[in-house]
Amino acid sequence: MSTRMTVNYNKKPCYDIVFTDSFDALASEVENLQLGNRKICVVTDSNVDPLYGEEMVNCLKGVSSKCVKYVFPAGEDNKTLDNIKELYKFLIEEHFDRKDILVALGGGVVGDMTGYAAATYLRGIDFIQIPTTLLAQVDSSVGGKTGVDFDGYKNMIGAFKMPRLVYMNMSTLKTLPDRQYFSGFAEVMKYGLIRDEFFYTWLIDNLYEICEKDPAVLEEMIARSCDIKRVIVEKDPTEKGERALLNFGHTIGHAIEKFMNFELYHGECVALGCVCAAFISWKKDLLTKDEYYEIRDMFVPFNLPISIDKLDMEKVLELTKSDKKMDAGQIRFILLKKIGKAVIDDTVSDSEILDALCEINFDEENGI
Ligand code: NAD
Ligand code: GLY
């Protein structure tokens, strides 16, 4: 059983997202793209390779002239230009030309890096996303943002590059460690908070099924998340305006990610960033106090952090100001007017950021 969704770019169909529960239909999906009998390089990481690498190469052998595999060391700290350089070398040694294809098999790190290599190798070659984490399925594989970190600064180098296909085998989530699964859930919660209060309520109503990874609920959650993202990226593919709403929680989240040297996962930092942004929204009278506490506390049953130990607040403020979400020297924040409605705000001051960081800084007295 599979369903699909088409994502438009410049008002024309650009790529399909296939939602399914095995790799059985992958070869025929790739064949349907009529890419010709080209070489394929499956790019994956050292955790995903032993799980799905061989199956992937076997699937794609029949629809390519040659299928090779390139494996990065896993982890955000490997999302670097140095590793992209190693991939370029491998592609040159394997004589990859402009019509050959990269396949990103893995989470957001593999997807972002493979997409960036595809955007830049020989000025651009085709690539396919095969996301295997919840985060990559609901967010990073859709919309064409690709890139790498630079000196620990998140996604500082990058390009927009649309995939030719996004093939989601949702059964790969069965091997994903729980902590990674819930980290991905932070981006799902983000969609409800910025865009769709009915989806937010649906998430709360299905809390048990989501935590238990019920397949039918998972499929609906992933497809609804992709649909929310699809609508936004179709209107604003290169983040001239509305797409920035997807950065809710990321402004401070990225700074915490760097501050913690990637010991906390991306989604965990996004959850903390969402709490900060909701707090600032309350302090600016956009949200009520009750709404703020409801948002903050809803991350807890999904195993996401709402506070952090020993935060160096001045340092995180400084890192927040070095993130790329700046506009003419002013940090661009995404705030909430209510659950389901986000706005861009350029007026958040240093002291408002410090107050928000103080709110998430672990306090032994009140236990959060
Ligand atoms: P990740 O790619 O590091 O994957 C998390 C971990 O899970 C890794 O150790 C990986 O090896 C392992 N893994 C992957 N699939 C697995 C599976 N099925 N079973 C077992 N283990 C598996 O991290 P992520 O959370 O998927 O992605 C985070 C990255 O995505 C960040 O770099 C973030 O900046 C980026 N991101 C990009 C966008 C975008 O629009 N391009 C959006 C959101 C996040
Ligand atoms: N994850 C943010 C974006 O795709 O724009």
Side-chain angles (χ1 to χ4, degrees), residues 7 23 43-53 55-56 71-80 104-116 119 129-149 152-163 166 168-188 190-191 194 213 225-226 228-230 232-251 253-254 257-258 262 264-270 273 323-325 334:
V7 183
F23 287 121
V43 182
T44 188
D45 75 23
S46 50
N47 292 335
V48 178
D49 180 40
L51 296 168
Y52 306 109
E55 187 181 358
M56 188 56 38
V71 184
F72 286 113
E76 181 74 34
D77 48 352
N78 292 303
K79 192 176 165 184
T80 60
L105 171 70
V109 170
V110 168
D112 281 10
M113 289 174 71
T114 310
Y116 184 68
Q129 289 271 22
I130 307 196
T132 62
T133 62
L134 180 61
L135 186 139
Q137 294 184 353
V138 297
D139 192 349
S140 61
S141 64
V142 177
K145 268 192 188 175
T146 74
V148 292
D149 304 334
Y153 291 102
K154 288 281 301 172
N155 303 326
M156 272 290 163
I157 313 291
F160 287 99
K161 170 80 180 169
M162 300 304 143
V166 182
M168 283 183 203
N169 170 2
M170 292 176 282
S171 78
T172 57
L173 298 183
K174 287 184 191 147
T175 56
L176 189 68
D178 277 353
R179 192 177 152 204
Q180 291 288 358
Y181 172 76
F182 288 111
S183 166
F185 183 80
E187 303 280 11
V188 177
K190 173 189 84 178
Y191 291 125
I194 63 165
K213 303 186 195 161
S225 297
C226 288
I228 292 174
K229 181 155 185 182
R230 176 190 65 75
I232 294 175
V233 299
E234 283 184 349
K235 276 198 217 147
D236 179 20
T238 53
E239 203 171 306
K240 301 278 188 288
E242 187 179 347
R243 184 168 180 166
L245 300 181
L246 292 171
N247 297 331
F248 177 65
H250 286 63
T251 316
H254 279 169
E257 214 175 340
K258 178 165 166 58
F262 303 118
L264 278 184
Y265 295 161
H266 178 75
E268 294 172 336
C269 297
V270 168
D323 195 63
K324 60 191 180 316
K325 292 170 197 63
I334 310 305

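Counting starts at 1 for both ligands and their atoms, following the listed order.
- In terms of N/O distances under 3.5 Å, ligand 1 is not approached by His250.
- Put simply, the side chain of His250 reaches to within 4.5 Å of the side chain of Glu187, judged on heavy atoms.
- The proximity of Thr146 to ligand 1, defined as any non-hydrogen pair under 4.0 Å, does not occur for either the backbone or the side chain.
- One N or O on the side chain of Ser141 and one on the backbone of Ala136 form a donor-acceptor pair closer than 3.5 Å.
- Side-chain contact check for Tyr52 versus Asn169: every heavy-atom pair is 4.5 Å or farther apart.
- At least one side-chain heavy atom of Ile194 sits under 4.5 Å from a side-chain heavy atom of Leu246.
- Shown in contact with Lys145 at under 4.0 Å from a heavy atom are these atoms of ligand 2, numbered in order with element: 2 (C), 3 (C), 4 (O), 5 (O).
- Checked by atom type and distance alone, the side chain of Asn78 pairs as donor or acceptor with a backbone atom of Pro73 at under 3.5 Å.
- Of all protein heavy atoms, the one closest to atom 13 (N) of ligand 1 is Val48 CG2, 3.7 Å.
- The protein heavy atom nearest to atom 9 (O) of ligand 1 is Asn47 ND2, 2.9 Å.
- Here Gln137 contributes atom CD and Gln129 contributes atom CD; the two are 11.0 Å apart, rounded to the nearest 0.5 Å.
- Set against the non-hydrogen atoms of Lys229, the atoms of ligand 2 under 4.0 Å away are 1 (N), 3 (C), 4 (O).
- Contact of the Thr80 side chain with the Val148 side chain is not registered, since no non-hydrogen atoms from C-beta on lie closer than 4.5 Å.
- Close N/O approach between His254 and ligand 1 is not found [any backbone or side-chain N/O within under 3.5 Å].
- With a 4.0 Å cut-off on non-hydrogen atoms, Ser140 touches ligand 1 through its backbone as well as its side chain.
- Counting protein heavy atoms only, atom 28 (C) of ligand 1 is closest to Leu135 CD2, 3.7 Å.
- A donor-acceptor pair under 3.5 Å is absent between the side-chain atoms of Lys79 and the main chain of Met113, judged by distance alone.
- One N or O on the side chain of Thr146 and one on the backbone of Ala159 form a donor-acceptor pair closer than 3.5 Å.
- Residue contacts with ligand 1, taken as heavy atom pairs separated by less than 4.0 Å, involve Tyr52 solely via side-chain atoms from C-beta onward.
- In this structure, the separation between OG1 on Thr114 and CZ on Phe72 is 5.5 Å, given to the nearest 0.5 Å.
- Given atom 5 (O) of ligand 2, the protein heavy atom at minimum distance is Arg243 NE, 2.7 Å.
- Distances from atom 26 (O) of ligand 1 to the heavy atoms of Thr172, Asp49, Thr133, Leu246 put Thr133 nearest.
- Closest to atom 43 (C) of ligand 1, if we only count protein heavy atoms, is Asp139 OD2, 3.5 Å.
- Cation-pi contact between Lys258 and Tyr153: present, with separation from the ring centre below 6.0 Å and deviation from the ring axis of at most 45°.
- Looking at heavy atoms from C-beta onward, Ser140 lies in side-chain contact with Leu135 at the 4.5 angstrom threshold.
- The nearest heavy-atom contact from the protein to atom 22 (C) of ligand 1 is Leu176 CD1, 3.6 Å.
- Heavy atoms of Lys229 come nearer than 4.0 angstrom to ligand 1 in at least one pair.
- Of the polar atoms of Ser183, none of the N or O atoms is found under 3.5 Å from an N or O of ligand 1, judged by distance alone.
- When hydrogens are left out, the protein atom nearest atom 11 (O) of ligand 1 is Asp45 OD2, 2.7 Å; that is the closest non-hydrogen contact.
- The nearest pair of heavy atoms linking Tyr181 to Leu134 is O-CD2, 3.4 Å.
- Remark: among candidates Lys154, Met113, Lys174, Gln137, the nearest residue to atom 33 (C) of ligand 1 is Lys154, based on non-hydrogen atoms.
- For ligand 1, the polar-atom distance check against Lys79 finds a nitrogen or oxygen pair separated by under 3.5 Å.
- For the residues Leu105, Asp112, Val148, the heavy atom positioned nearest atom 37 (C) of ligand 1 is part of Asp112.
- Considering backbone and side-chain atoms together, Asn247 places no N or O closer than 3.5 Å to any N or O of ligand 2.
- Between Thr172 and Phe23 there is a side-chain heavy-atom pair separated by less than 4.5 Å.
- Here Lys213 pairs with Asp178 in a salt bridge; the nearest charged N to carboxylate O distance falls below 4.0 Å.
- In this structure, Lys229 contributes its side chain and Val142 its backbone to a donor-acceptor pair below 3.5 Å.
- Here the heavy atom of the protein found nearest to atom 6 (C) of ligand 1 is Gln180 NE2, 3.3 Å.
- Atom 31 (C) of ligand 1 has its closest protein heavy atom at Glu76 OE1, 3.1 Å.
- In this structure, Lys145 NZ and Asn155 CG are separated by 8.0 Å, a value rounded to the nearest 0.5 Å.
- Considering backbone and side-chain atoms together, Gly108 places an N or O closer than 3.5 Å to an N or O of ligand 1.
- Checking only distances, His250 never comes within under 3.5 Å of ligand 2, N or O to N or O.
- Within the 4.0 Å heavy-atom criterion, the part of Asn155 lying near ligand 1 is the side chain and not the backbone.
- Counting only non-hydrogen atoms, the option in Val109, Thr175, Asp77 that gets closest to atom 2 (O) of ligand 1 is Val109.
- Using a 4.0 Å cut-off to heavy atoms of Asp139, the atoms of ligand 2 that qualify are 1 (N).
- With a 4.0 Å cut-off on non-hydrogen atoms, Lys145 touches ligand 1 through its backbone as well as its side chain.
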